[in-house]
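Okay, structure first, notes after.
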Amino acid sequence: MSHKKGWFNPGNVYGYLIVKIMIALVALTLTQVMYYLLNSGHFHTGGFGEWAGIVWGFLRFAMATLTLVLVPFIVMNLIPSNIRWKRWYRFLSDCLYLIPVLVVVVVNQIDVAYFQFTYRRMSSEMFAYMGVGGDMGNLIPKFLVDYWPVSVSGVAIIALLLVCSHKTVFPALNEYSINRRNDCIGLAAGLLLTFFFVRGGAQRHFIELNDSARYCQMKNAPLVLNSPYNIIRTLGVADLVELDYMPDDEAAALFNPQFTPLAATGGSGISYGDFRAGAGQVAYTGSDSLTYYRGKNVVIIILESFSQEYMGCYNDSLEVSFTPFLDSLASKSLLFQGRSNGKKSIESIPSVMASLPTLMDRPVLMSDYKRNDIVGLPMLLKKHGYNTAFFHGAYNGSMGFDAFCKKIGFDAYYGRNEFGDETYYDGTWGIFDEHFLHYMALQLTRTPEPFFAGVFTISSHHPYTIPDEYKGKLRKGNHPILECVNYSDMALRKFFATASRQPWYDNTLFIIMADHPAQALSPGFNDYGPWYRIPMIVFDPQHPTGQRSKRIVQQSDIMPTLIDYLGYNEPCICFGNSVFQQEEGWQIAYGCGYHQLVTDEGVALLEETNSRTFEQDGNGKLGLLKAILQQYSQRMIDNQLQAKTK
């Protein structure tokens, strides 16, 4: 094998390995720098001390990642044999270096953009997401163009990696290159050093994802971690471990997931004007001239990526509201402080429809517990004569919504397939909101009352497409999503105009919320609580009101609240509360390796590792957070999601 000079000419194999690993580390570090620069508004660091911790923590996780994926490459080059200088052997060695390092760099660079949607590092759940969203053939090119700083910097980093790797020359074979005794010692020492870096140091346990909290505030943990390591460490790992913070009776005293409706206890609860427990029962006269009662229709509208940040009804000082219709509707509605339980669309449906938030890495619909016996609102309401339907303008199978809806008792599912007219296809996700909501209004007219229906809109999502006829006619802001929000708001106005002419309209309660907020566009919406602020509007055409409540209402509060509102007495498992039973609301969510419970007073944070626990009790609710997590883990693992009846 001929020997050439390059930029880096180490004198021995050990120097060669060090240079190659350092090149990979520089490339990974550059992607991390891009990660911070393009998401800097999300992070709030506490000065030099925290930055030093972030850098040191990143280096530990980065070295653990690189040495782990490069074990075959390292071993190949430490084997005490002349075969290391064979041309075919060098080619194989280069492949075992470049392929894993390129994967690491590309994945970490992709998460520079993806983080803006989830506020946490990618994990192994990404493999389950593939093929369950939109039209990937159209989406990928649009992502590359729309997030061009990520694409351009990624190409530059990869080019630098390839050039530097090519210019690093394996040392020449000479009488000093082979010394069996030294090579064997080098092999043993190299393997020990590799093991040291893979485990993240000399501590008792292998470095864990949650160890990131040692180096910074929990919300800055993504700056310490890298996405490839996050993916590797979550592969094949159980979604939950059974927690045991306190005796079960003590946990149940703090929070009992078996929800007991007010109708079962004879209580009246807290009222919000005409929105009160039992108000959903409507009297009517039967054919025998006797008076009977039945529940009102209920329609839950889940808006894609709507944040309070864009809405005038939640921001009195907002110069331009992108939701003029919802603002006007809010003036006739009951307005709560809405909170999502997650940052992904797929996490919202179980929270809203079954009071089951995602408090783990993988969404409930993709977790080990997706086959659990989950009891949702449709199943409960069908016992009382309700007809149930769910509407989603994406293709059937998107995010597994159709299968989950069937599982929890929806009678009918209407998607892009049932809509049947591709004229209004947006090119990536599904049917434009305006046309699909109109379709839903007419379909509900064909549905016997009482009915319970849900709809999940799609248009206010990347790549932020609106119909051609509205281009240049809608309000725009400092982010392309705002024009789409304005379009969806217009679509809602048209939906309500159509619905108001239908015979079922006056007898219907509408609850309007979002699946999660989109990217925060201002500092006031960049923190533990504001990350999850969504609209929560309750509108009853028969009882218009302009009432505002400061109470936090999370998605998982909807199910117990509706059961109380409709006056039914069956107990059920809920990881939320009825607004009629508790004056103070709270929101629970899973962040980047940590859990949070937010109230008006602050936030309680909890992060667990095998070696230590990180806690922050900013509102006196840490015990409540532990009680909820303990019972959540036990019930999910043991498949105890059905209420016990005497």
Donor-acceptor pair between N220 and E50 side chains, under 3.5 angstrom: yes

Whether W51 and Y36 hold their rings parallel, tilted or perpendicular, with breakpoints at 30° and 60°: perpendicular

Validation row, ring centre Y532 to ring centre H516 under 6.0 Å: no

Side-chain H-bond candidate by donor/acceptor type, N226 with T65, under 3.5 Å: yes

Q630 side chain to D248 side chain, donor-acceptor N/O pair below 3.5 angstrom: yes

Exercise: do E309 and S522 side chains pair donor with acceptor under 3.5 Å: yes

Of H384, K383, Q281, the residue whose pairing with Y568 passes side-chain hydrogen bond (donor to acceptor under 3.5 Å, both in side chains): Q281

Nearest-0.5 Å distance that lies between atom OH in Y632 and atom CD in E242: 14.0 Å

Under 3.5 Å side-chain donor-acceptor pair for D111 and S227: yes

Whether F61 and Y215 hold their rings parallel, tilted or perpendicular, with breakpoints at 30° and 60°: perpendicular

Centroid-centroid under 6.0 Å between F401 and F456 rings: yes

Distance-only polar pair, side chains of Y229 and R233, donor-acceptor under 3.5 Å: yes

Distance-only polar pair, side chains of S578 and D564, donor-acceptor under 3.5 Å: yes

pair Y369-V364: side-chain heavy atoms closer than 4.5 Å: no

Short side-chain donor-acceptor distance under 3.5 Å, S367 and R362: no

Test side-chain contact (heavy atoms from CB on, under 4.5 Å) applied to W586 and D557, L624, I552, the passing residue: L624

Donor on one side chain, acceptor on other, Q640 and Q634, under 3.5 Å: no

Flag for Y590-N341: side-chain donor and acceptor within less than 3.5 Å: no

Aromatic centroids of F410 and F390 separated by under 6.0 Å: yes

Separation between OG of S305 and CD1 of I534, rounded to the nearest 0.5 Å: 11.0 Å

Smallest separation among heavy atoms of A221 and S212, with atom names: CB-OG, 3.4 Å

Mutual orientation of the aromatic rings belonging to F115 and Y35 [parallel < 30°, tilted 30-60°, perpendicular > 60°]: tilted

D373 and Q642 side chains, donor-acceptor separation under 3.5 Å: no

